[in-house]
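What follows is a short report on a single structure.
Just so you know, residue 1 is the first one in the sequence shown, and it goes up from there.
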Amino acid sequence: MNDSERDGAQVSTATTADTTGEAAGIPELVIISGMSGAGRSTAAKCLEDLGWFVVDNLPPALIPTMVDLGARSQGNVARIAVVVDVRGRRFFDNLRESLADLAAKKVKRRVIFLEASDDALVRRFESVRRPHPLQGSGRIVDGIAAERDLLRELRGDADLVIDTSSLNVHELRAKMDAQFAGEEEPELRATVMSFGYKYGLPVDADLVVDCRFLPNPHWVPELRPFTGLNEEVSGYVFNQPGAKEFLDRYTELLQLIAAGYRREGKRYVTIAVGCTGGKHRSVAMSEKLAHRLVSEGVETVVVHRDMGRE
């Protein structure tokens with residue numbers, strides 16, 4: 001886990017003051033900082049997946065401006081996460097002033113600090129063969145020491161410190177989910193994609209389903225011109241032995257897989273459903289499978305990659 005892993009939002013109404021002097025409509029703010037290589041990017045991506053509007057490497061002096069813009073967004077940006085790191089070190093002295101400004105505006109803010117041991121950080125930088133941003137002409141450990149000194153005060157002021165020395169990416173995401181997902185289970189979004197094997201496997205598929213065990217409507221002259229979106233074609237496919245049973249059992253399997261994906265912090269899954277040409281069987285099965293997923297509360301998009309290519 002390191003900051004080379006890199007890779008949303010919602011937010012309240014316009015800024016007005018209530019009778020207690022607290023501002024209404026001001027976005028909630030999380031500032032993510034910490035040691036380079038400790039997982040800031042993973043933490044930020046987790047919040048993005050939970051619906052936060054994430055800004056990477058924003059100069060601290062601009063944080064109040066970002067919050068003000070969010071407050072004027074007519075409810076489009078209710079939660080903002082800002083990644084602050086040593087790449088913006090010339091602006092870093094402005095952070096305390098910005099925090100004081102936010103406090104005066106009654107902004108609800110939290111500082112999350114990602115920490116890791118020197119050994120863990122050295123291993124991570126060496127594994128990606130990148131220099132530490134502060135090491136200059138020295139060694140990685142020199143850069144780590146300089147960064148610790150620079151961030152010492154911020155670490156002491158942090159609302160949450162997470163030591164990632166022994167955590168993998170999934171474990172860090174689980175910790176972030178525990179802090180920010182609330183009582184709700186993390187949402188899973190699915191793309192169900194039909195395809196034709198003769199055009200190649202989808203490169204972005206997480207799971208692949210093969211429908212070629214079912215008779216092909218292509219060989220039924222009156223069905224050949226149509227696609228799996230046609231009721232007659234779909235009826236033909238699901239009247240074949242094993243089709244409905246396969247749909248039922250695969251849906252059950254997906255329920256098990258989806259629960260595991262949520263635990264591991266995976267938010268997106270692409271299920272590729274294939275037949276020979278991607279026109280009949282895979283299309284019909286994709287439509288039914290997507291309907292089942294939606295009924296289970298999974299946000300689902302259907303894509304028919306190869307339909308119409310013939």
With sequence neighbours left out, write down each residue that passes side-chain hydrogen bond (donor to acceptor under 3.5 Å, both in side chains) with Q135, or none if nothing qualifies.
none
Determine yes or no for a side-chain-to-main-chain donor-acceptor pair under 3.5 angstrom, with K279 supplying the side chain and R224 the backbone.
yes
H291 atom NE2: more than 12 heavy-atom contacts under 6.0 Å:
no
Tell me which donor-acceptor pairs under 3.5 Å the side chains of residues 150-162 have, and how far apart each pair is, sequence neighbours excluded?
unit_1, atom_1, unit_2, atom_2, d
E153, OE2, R96, NE, 3.1
E153, OE2, R96, NH2, 2.7
R155, NE, E115, OE2, 2.9
D157, OD2, R96, NH2, 2.5
D159, OD2, V111, N, 2.7

With sequence neighbours left out, the residues meeting salt bridge (charged side-chain N to carboxylate O under 4.0 Å, His left out) with R305 are none
Could you pull out all residues at least two apart from E299 that satisfy salt bridge (charged side-chain N to carboxylate O under 4.0 Å, His left out)?
R189
Taking only residues two or more places apart in sequence or in another chain, which ones pass ring pair (Phe, Tyr, Trp, His ring centres under 6.0 Å) with F213?
F246
Would you confirm whether D306, through its side chain, and R309, through its main-chain N or O, come within 3.5 Å as a donor-acceptor pair?
no
Quick test of your reading of the model: are E245 and R249 salt-bridged, counting only N-O distances below 4.0 Å?
yes
Please verify the inter-ring angle class for W52 with F180; under 30° counts as parallel, over 60° as perpendicular, anything in between as tilted.
perpendicular
Between S117 and D119, do the side chains contain a donor N or O and an acceptor N or O under 3.5 Å apart?
no
Taking a hydrophobic cluster as the set of Ile, Leu, Val, Met, Phe, Trp and Tyr residues connected by side-chain heavy atoms closer than 4.5 Å, whether directly or through intermediates, do F113 and L121 fall within one such cluster?
yes
Residues sharing Y197's hydrophobic cluster, by side-chain heavy-atom contacts under 4.5 Å among ILVMFWY, directly or via others?
F195, L201, V208
Inspect the contact between R109 and E28 and indicate whether a charged nitrogen and a carboxylate oxygen are less than 4.0 angstrom apart.
no
